[in-house]
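Comments concern the structure below.
Small disclaimer: the values here were computed from a predicted structure and weren't measured.
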Amino acid sequence: MTTYGYARVSTNGQDLSSQEAELLAAGCAKVFKEKVSGAKTDRAELAKLLHKIESGDVLVVTRLDRLARSTRDLLNVIAALTERGAGFKSLKDTWADTTSPHGRLMLTVLGGLAEFERELIRALTANQRQEAMHRLARGEVQADVARTFNVSQATISRLSATAGV
């Protein structure tokens, strides 16, 4: 079993040393580091880490936002780790720990909520989603669009986020 760390900052002007020190102090044998925006999907060091990690290994980050840019992104990474039989821990977000029963429960609940959100978006027909996106693109307020389709503003916000608007 090997514990790997992953440290990321968004810009070249930021420093990785404090994250690296925390991860090494937490027992990480190796820390994968990169300076790239979390919004980028092609994070080379994260890809190397996910390729290298094996059953029984654990990926550790200092904070969740160092690993994932959204709940869906986080759940995708954790699913990839789980498929390989590996665990996950966040030092600052202690509830996010798939190596403990409590952490697995919390992440299962989080996954259920994400699935529920996807179902809410699917409650709108394809034409309704298209119309909502068109109205948002014209500058209409999310709350007004939501009222029209009898859904919550959060549903329209999630629809907007999944479409990149």
Intermediate values then yes/no, side chain to side chain contact (heavy atoms under 4.5 Å, CB included), Gln128 and Glu131: CA-CA 5 Å; Gln128 288 172 324; Glu131 174 64 21; 5.7 Å; no
Are Thr82 and Phe88 close enough, and set up right, to give a side chain to side chain contact (heavy atoms under 4.5 Å, CB included), and what steps lead you there? CA-CA 9 Å; Thr82 302; Phe88 171 76; over 6 Å; no
Might you work through the side chain to side chain contact (heavy atoms under 4.5 Å, CB included) test for His102 and Asp97, ending with a clear yes or no? CA-CA 8 Å; His102 181 259; Asp97 178 356; over 6 Å; no
Does the pair Arg135 and Thr148 meet the rule for a side chain to side chain contact (heavy atoms under 4.5 Å, CB included), with working shown? CA-CA 11 Å; Arg135 289 171 60 184; Thr148 301; 3.0 Å; yes
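Between Leu59 and Leu67, the shortest heavy-atom contact is CD2-CD1, 4.3 Å. Contact detail for Val31 and Ala7: the closest heavy-atom pair is CG1-CB, 4.1 Å. In this structure, Thr98 and Gly87 approach most closely via the heavy-atom pair OG1-CA, 3.3 Å. Nearest heavy-atom pair across Leu46 and Glu34 is N-OE2, 3.1 Å. Pairing each heavy atom of Thr99 with each of Arg104, the nearest pair is C-NH1, 3.5 Å. The heavy-atom pair separating Arg129 from Leu159 by the smallest distance is CD-CD1, 3.8 Å.
Residues Val60 and Trp95 do not share a hydrophobic cluster, defined by chaining ILVMFWY side chains whose heavy atoms lie under 4.5 Å apart. In the hydrophobic cluster analysis, where Ile, Leu, Val, Met, Phe, Trp and Tyr join through side-chain heavy atoms closer than 4.5 angstrom, Val145 is grouped together with Met133.
Judged as a salt bridge (charged side-chain N to carboxylate O under 4.0 Å, His left out), and not counting sequence neighbours, Arg66 has no contacts. The side chain to side chain contact (heavy atoms under 4.5 Å, CB included) check on Arg84 picks up Ile53, with sequence neighbours excluded.
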Extract all donor-acceptor atom pairs below 3.5 Å that involve side chains of residues 18-30 and protein atoms in other chains or at least two apart in sequence.
from, atom 1, to, atom 2, distance (Å)
Gln19, OE1, Arg8, N, 3.1
Gln19, NE2, Arg8, O, 2.9
Glu20, OE2, Lys33, NZ, 3.3
Glu22, OE1, Lys92, NZ, 2.5

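No side-chain N or O of Ser160 forms a donor-acceptor pair with one of Ser157 less than 3.5 Å apart. Side-chain contact, Asp15 with Ser17: a donor N or O sits under 3.5 Å from an acceptor N or O.
To the nearest 0.5 Å, atoms CG (Leu75) and OG1 (Thr108) are separated by 9.5 Å. The CD atom of Glu83 lies 12.5 Å from the CD1 atom of Ile78; values are rounded to the nearest 0.5 Å. Once rounded to the nearest 0.5 Å, the distance linking CG of Asn127 with CD of Gln130 reads 6.0 Å. With rounding to the nearest 0.5 Å, the separation of OH in Tyr6 from CG in Leu49 is 8.5 Å. Atom NZ of Lys52 sits about 4.5 Å away from atom OH of Tyr4, to the nearest 0.5 Å. Considering CG of Asp57 and CE of Met1, their distance stands at 7.5 Å, rounded to 0.5 Å.
For the pair Ile156/Leu124, a side-chain contact is recorded, criterion being any heavy-atom separation below 4.5 Å from C-beta on. Residues Ser100 and Met106 form no side-chain contact, since every pair of their non-hydrogen atoms from C-beta on lies 4.5 Å or further apart.
More than 12 heavy atoms of other shown residues, nucleotides or ligands fall within 6.0 angstrom of atom CD in Glu140.
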